[in-house]
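A short worksheet on the structure shown next.
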Amino acid sequence: MLIVQKYGGTSLQDAGRIRAAARRITGLAQQGARVVVVVSAQGDTTDTLIENAVKINRRGSAREMDAYLAAGEQMSAGLVTMAIGAFGYPAVSLTGAQAGIHTDDVHGNARILRVEPDRIQKELAEGKVVVVAGFQGVDQQGDITTLGRGGSDTTAVALAAALGADRCQIYTDVDGVYDRDPRIYPDATRFGRIGYDKMLSLIENGAQVLHDRSVELARDQGISIEVLSAFSGNPGTIVG
Ligand code: ADP
Ligand code: ASP
Ligand code: MG
């Protein structure tokens with residue numbers, strides 16, 4: 001069983017939440033699953049980094065912005081890997097480039113062109129949990145790119161496709177996909193299952209719970225995405 005799990009920023013907000021994610025990941029690995037984890041930057045880190053950059057240069061280069069923003073996910077990957085290590089399980093962190101995520105050179109909104117997962121496969125074969133920094137890849141020149149806001153979801157689906165994963169789980173701060181934003185509308189209804197096209201039209205109408213390209217990729221590759229709460233243990237929503 002090969003499982004890809006993605007953890008969003010709120011799900012990794014502080015040390016306690018990182019430890020909780022690491023506990024779940026370690027439990028799965030101890031049961032014999034091979035686990036690839038995709039992480040976002042902690043909390044509002046990406047917003048803070050953007051504010052910092054704008055203070056320095058309102059019109060900074062998109063290439064430098066990507067190099068800077070990608071660090072948020074790399075810091076998360078390091079911390080989650082160390083947290084898994086603290087539970088006594090072997091784990092390794094990889095940047096997008098190390099994970100073989102090749103993109104075009106549209107800095108700030110790069111598209112994944114192909115995934116070369118050999119390094120991930122080698123680490124899995126050595127019995128490690130592999131923690132990949134989401135939201136980033138590398139272009140043909142070897143420069144760091146980012147995939148657009150919310151792009152870690154797309155990293156997870158692309159890796160699930162490339163690795164032939166049995167499951168692709170997106171852990172977030174709500175327990176699934178609702179007909180409306182459950183934070184704004186407490187009476188919103190959760191979908192047990194939702195089709196790709198309906199999910200895409202929800203996103204078009206502002207539901208940023210999943211990155212649009214992650215759903216397009218899942219549809220094109222025939223992958224089901226499970227959207228789950230990192231906190232509740234409730235059943236969640238299956239997209240696809
Ligand atoms: P993450 O950091 O885990 O990637 P996001 O903030 O990108 O999380 O997405 C989760 C958020 O999406 C929820 O906190 C919720 O407020 C918002 N959201 C908007 N519309 C919906 C919807 N229809 N169903 C579920 N969540 C939604
Ligand atoms: N950290 C990035 C963002 O805030 C990517 C992501 O969370 O998926 O947009
Ligand atoms: Mg998101």
Side-chain angles (χ1 to χ4, degrees), residues 4-14 17-18 20-21 37-53 65-77 79-80 95-96 101 103 107-110 112 132-137 144-159 168-195 198-215 217-218 225-232 234-239:
V4 174
Q5 291 194 330
K6 178 255 173 178
Y7 289 88
T10 325
S11 310
L12 301 173
Q13 186 126 25
D14 52 34
R17 288 185 177 178
I18 286 193
V37 181
V38 174
V39 293
S40 292
Q42 287 183 278
D44 297 330
T45 297
T46 305
D47 294 325
T48 307
L49 295 180
I50 291 170
E51 283 164 25
N52 292 346
M65 197 68 179
D66 276 358
Y68 181 57
L69 292 186
E73 269 66 18
Q74 288 166 222
M75 290 193 283
S76 274
L79 287 179
V80 170
T95 65
I101 298 179
T103 72
H107 286 288
N109 196 26
I112 297 175
V132 178
F135 178 55
Q136 58 180 266
I144 298 173
T145 55
T146 65
L147 308 179
R149 297 306 305 268
S152 297
D153 299 326
T154 301
T155 305
V157 174
L159 289 181
C168 179
Q169 300 179 317
I170 305 282
Y171 279 96
T172 184
D173 56 2
V174 287
D175 57 4
V177 178
Y178 285 73
D179 59 348
R180 289 168 294 165
D181 187 338
R183 290 190 184 287
I184 301 173
Y185 304 97
D187 60 338
T189 320
R190 187 176 59 82
F191 295 100
R193 184 180 278 275
I194 182 171
K198 181 129 190 235
M199 185 67 231
L200 284 167
S201 74
L202 276 183
I203 294 171
E204 222 169 279
N205 290 304
Q208 35 68 284
V209 58
L210 287 177
H211 192 225
D212 53 358
R213 282 185 185 161
S214 72
V215 179
L217 191 60
I225 305 174
E226 299 168 46
V227 181
L228 300 152
S229 166
F231 314 127
S232 77
N234 290 347
T237 297
I238 296 175
V239 181

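Order of listing sets the numbers, starting from 1, for every ligand and every atom in it. One-based numbering along the sequence shown.
- Taking a 4.0 Å cut-off on heavy atoms, Gly150 registers as neighbouring ligand 2.
- Look at His211 and you'll find every heavy atom at least 4.0 Å from all atoms of ligand 2.
- Here Ala41 pairs with Thr45, Thr46, Glu73 under the side chain to side chain contact (heavy atoms under 4.5 Å, CB included) rule; sequence neighbours left out.
- Among the atoms of Asp153, none of the N or O lies under 3.5 angstrom from an N or O of ligand 2.
- In this structure Ala158 satisfies the side chain to side chain contact (heavy atoms under 4.5 Å, CB included) test together with Ile112, Val115, Leu217, sequence neighbours excluded.
- Residues Ile101 and Leu159 are in side-chain contact: their nearest non-hydrogen atoms beyond the backbone lie under 4.5 Å apart.
- Using 4.0 Å as the threshold, Gly8 has no heavy atom nearer than that to any atom of ligand 2.
- Considering backbone and side-chain atoms alike, Ser152 places an N or O below 3.5 Å from some N or O of ligand 2.
- Comment: Lys198 does not engage Asp179 in a salt bridge, judged by the lack of any side-chain N to carboxylate O separation of less than 4.0 angstrom.
- The nearest protein atom to atom 9 (O) of ligand 2, hydrogens excluded, is given as Arg149 NE, 2.7 Å; this is a heavy-atom distance.
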Starting from the N and O atoms of ligand 1, find every protein N or O within less than 3.5 Å and list the pair with its distance.
residue	atom	partner	partner atom	Å
ligand 1	2 (O)	Gly9	N	3.2
ligand 1	3 (O)	Thr172	OG1	2.7
ligand 1	4 (O)	Lys6	NZ	3.0
ligand 1	7 (O)	Gln208	O	3.4
ligand 1	8 (O)	Thr172	OG1	3.1
ligand 1	12 (O)	Gln208	OE1	2.8
ligand 1	14 (O)	Asp173	OD1	2.8
ligand 1	14 (O)	Asp173	OD2	3.4
ligand 1	14 (O)	Arg183	NE	2.7
ligand 1	16 (O)	Asp181	OD1	2.9
ligand 1	16 (O)	Asp181	OD2	3.3
ligand 1	16 (O)	Arg183	NE	3.3
ligand 1	23 (N)	Tyr178	O	2.8
ligand 1	24 (N)	Tyr178	N	3.0

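- With sequence neighbours excluded, the residues that form a salt bridge (charged side-chain N to carboxylate O under 4.0 Å, His left out) with Asp187 are Arg180.
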